[in-house]
Amino acid sequence: MTAPGIPASAPAEDSDDLDVEEALALVRQPKDDSSGSGPASAAQSGHGHERHKATPWPRAREIAARAARSGSRRTPVSVSLADALGLVLAAPLDALTDLPSFDTSAMDGWAVAGPGPWGVRDGGLLAGHAQPEPLTDGEAVRIATGARIPADTTAVLRTEHGRTDTQGRLHATREAGHGQDIRPRGQECRSGDQLLPVGTLVTPAVLGLAAAAGYDTLTAVPRPRAEVLVLGDELLTEGLPHDGLIRDALGPMLPSWLRAMGAEVTVVRRLGDDARALRKALTASDADLIVTTGGTAAGPVDHVHPTLERIGAELLVDGVKVRPGHPMLLARTKEHQHLVGLPGNPLAAVSGLLTLADPLLRTLAARSAPEPYTLPLKEEVQGHPYDTRLIPVVLRGDHAVPLHYNGPAMLRGIAAADALAVVAPGGAGQGEETELLDLPWAAAGIGVCFT
């Protein structure tokens, strides 16, 4: 079956076997190929030539995921439970104690010994107290949920299943079997048992289990560090657009989006259209991922390609067959550092994030990709002749409903969306099963860490 987003006539080189070196070989082909069959620089190529050298969307995502493997063996860190949410375990979570570590009551009621009726001991047993005195046959004592069970207890009689007579003796209104409502020591695990393996995503439930098992810290893969470089002299940081200037939408949006993808955003810099400042920022950065906005085309102030060439970066992806966002790029700037160049239009930038940044960050963070899934479209979506389209949709029952306002400069559609539909070249008809990319917050993923 043809993969989503790849035309049925896609050549063999679009297969899953392509690796990063093959991608590099493609972009390293001579740029002065007079036959017109080799990839030229963005400045040299016309639109048809850009289409020729652009990477198919599914393959671009594979290259991004594989590119980060060179830096994926990152030194694990010890992280407090409060800071571990969303990380991946780099060491097994082994039980440090039996759980529970002593016999406890599973219900409020009475701990009883032997057959009833029972004489009731004065006082009662609460959670958090030391080991109580043993019970004798025919004796009972009030007990709260979580309290330690006295030695020689037969069962816990629930509050609603017992009554006391005028002499203060306890009678069962429903029989309590031997061991009923007692959580025995080690019921959940024994000390040394493996609770969770390496590679487990730390969810709120994992934090609870770790705390119950006695952990104060976890050994985890650290969050990838990301820097955002906002390019463009035309961008305002406040107020209304005026005199040809527009508000910067990506500066406020990208840090939170990258955090939702699991990155630690260390800095956001606004560089304008300054090639020297861009080169200085790239060479000085020690981030795992640099994200730039705009400047990826071939205009007079589009400095990303020339600057990458000057610093000796390797282009892994130079244009993607996807709309919006086809001028996106991926480069290796240092041995363990990559750059994702996003188009300047907001929805096109979102496309670049999901196409290139998300797979790369997942690899760096050792997080597995979600299983792909499809839903039928509520209505027909017009396709691009040879590019994949990413269309904002909302999920309604068992259908995906395409949203309007899906142009490359628009955010109105994506702001209301639950996911992006991956529409293969040629489009998709009403009711056609279509692959969906969940947005981190809409998917209720653990990646929703906005702080």
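Reckoned from all heavy atoms, side chains included, excluding hydrogens, waters and symmetry mates. Just so you know, residue 1 is the first one in the sequence shown, and it goes up from there. Predicted model, so just to flag it, every value in this text is computed and none were measured.
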Checklist line | Electrostatic pair E264:R223 at N-O distance under 4.0 angstrom | finding: no
Next item on the list: Just grab all the salt bridge (charged side-chain N to carboxylate O under 4.0 Å, His left out) pairs involving residues 87-107, residues at least two apart or on different chains.
Entry: D98-R185, D98-R190
Notebook entry, point to check: Given side chains that start at C-beta, do those of P376 and H399 come closer than 4.5 Å, heavy atoms only?
Noted result: yes
Notebook entry, point to check: So with a 6.0 Å cut-off around CZ of F102, is the heavy-atom count from everything else above 12?
Noted result: yes
Check: Run the side-chain contact (heavy atoms from CB on, under 4.5 Å) check on V320 and T388 step by step: do they pass?
Finding: CA-CA 9 Å; V320 177; T388 300; over 6 Å; no
Next item on the list: For R269 and L229, indicate whether the former's side chain and the latter's backbone hold a donor-acceptor pair under 3.5 Å.
Entry: no
Notebook entry, point to check: Sub-3.5 Å donor-acceptor pair from the side chain of T296 to the main-chain atoms of P327, do we have one?
Noted result: yes
Notebook entry, point to check: Just by modelled atom types, is the Q382 backbone N or O under 3.5 Å from a matching donor or acceptor in the R389 side chain?
Noted result: yes
Check: Would a 4.5 Å heavy-atom cut-off, applied to side chains only, mark I149 and S105 as touching?
Finding: yes
Note to self: Could you go through H384 and K321, starting from their C-alpha distance and side-chain angles, then the distance that decides it, and tell me whether this counts as side-chain contact (heavy atoms from CB on, under 4.5 Å)?
What the structure shows: CA-CA 10 Å; H384 191 275; K321 294 179 181 178; over 6 Å; no
Checklist line | Atom pair CG/CG of L353 and L254 - distance to nearest 0.5 Å | finding: 5.5 Å
Checklist line | A366 versus V221, closest heavy-atom pair with distance | finding: CB-CG2, 4.0 Å
Item checked: Closest approach of P76 to A90 (non-hydrogen atoms, all atoms of both residues) -> CB-CB, 3.7 Å
Note to self: Rounded at 0.5 Å granularity, tell me how far CD1 in I290 sits from NE2 in H338.
What the structure shows: 11.0 Å
Item checked: Nearest-0.5 Å distance, CG of residue L360 to CZ of residue R69 -> 11.5 Å
Item checked: Close side-chain approach of W257 and L439, heavy atoms under 4.5 Å -> yes
Notebook entry, point to check: Which is it for D288 and L361 under the side-chain contact (heavy atoms from CB on, under 4.5 Å) test, yes or no, and what are the steps along the way?
Noted result: CA-CA 9 Å; D288 301 299; L361 287 170; over 6 Å; no
Check: Any idea which heavy atoms bring L347 and P392 closest together, and the distance?
Finding: CD2-CG, 4.4 Å
Next item on the list: Please confirm whether the backbone N or O of L395 pairs with a side-chain atom of D418, one donor and one acceptor, at under 3.5 Å?
Entry: yes
Margin query: I'd like to know if the side chain of T159 reaches the main chain of D108, judged simply by a donor and an acceptor atom lying under 3.5 Å from each other, with no hydrogens or angles considered.
Written below: yes
Notebook entry, point to check: What do the steps show when you test N406 against M410 for side-chain contact (heavy atoms from CB on, under 4.5 Å), and what is the final call?
Noted result: CA-CA 6 Å; N406 54 34; M410 298 180 179; over 6 Å; no
Check: Where do L218 and A210 come nearest, in terms of heavy atoms and distance?
Finding: CD2-CB, 3.9 Å
Notebook entry, point to check: Is a donor on one side and an acceptor on the other found under 3.5 Å between the side chain of S78 and the backbone of T219?
Noted result: no
Note to self: Please check this pair: side chain of D248 against backbone of L250, looking for a donor-acceptor N/O pair closer than 3.5 Å.
What the structure shows: yes
Margin query: Please give me the minimum heavy-atom distance between A331 and A313, naming the atom from each residue.
Written below: CB-CB, 4.4 Å
Check: CG/L377 to CD1/I391 distance, rounded to the nearest 0.5 angstrom?
Finding: 9.5 Å
Item checked: pair L411-P346: side-chain heavy atoms closer than 4.5 Å -> yes
Next item on the list: Have a look at L339 and tell me which of V291, L330, T292, L289 forms a side-chain contact (heavy atoms from CB on, under 4.5 Å) with it.
Entry: T292
Item checked: Residue that, paired with S285, satisfies side-chain hydrogen bond (donor to acceptor under 3.5 Å, both in side chains) out of K334, K280, E227, R225 -> E227
Next item on the list: Report the residues that fulfil salt bridge (charged side-chain N to carboxylate O under 4.0 Å, His left out) with D243, sequence neighbours left out, ordered by chain and then residue number.
Entry: none
Check: Heavy-atom distance under 4.5 Å between the side chains of K378 and V393, does that happen here?
Finding: no
Next item on the list: Starting at CG of L87, measure out to CG of L201 and round the result to the nearest 0.5 Å.
Entry: 8.5 Å
Notebook entry, point to check: So, T307 side chain and R279 main chain: donor-acceptor pair closer than 3.5 Å or not?
Noted result: no
Note to self: Can you confirm whether T266 sits close enough to D286 that some side-chain heavy atom of one is under 4.5 Å from a side-chain heavy atom of the other?
What the structure shows: no
Check: Does the T363 side chain pair with the main chain of P359, one donor and one acceptor, at a distance under 3.5 Å?
Finding: yes
Checklist line | Minimum side-chain heavy-atom gap L315-H305 below 4.5 Å | finding: yes
Next item on the list: Please list, chain by chain and in numerical order, all residues satisfying salt bridge (charged side-chain N to carboxylate O under 4.0 Å, His left out) with R310, sequence neighbours excluded.
Entry: none
Checklist line | Min side-chain heavy-atom separation P440-R259 under 4.5 Å | finding: no
Check: So, the side chain of D274 versus the backbone of R276: is there a donor-acceptor pair under 3.5 Å, distance only?
Finding: yes
Note to self: Restricting to non-hydrogen atoms, name the atom on G294 and the atom on V304 that form the minimum distance, rounded to 0.1 Å.
What the structure shows: O-CG2, 3.6 Å
Next item on the list: Measure the CG-OG1 distance between L93 and T200 for me, rounded to the nearest 0.5 Å.
Entry: 8.0 Å
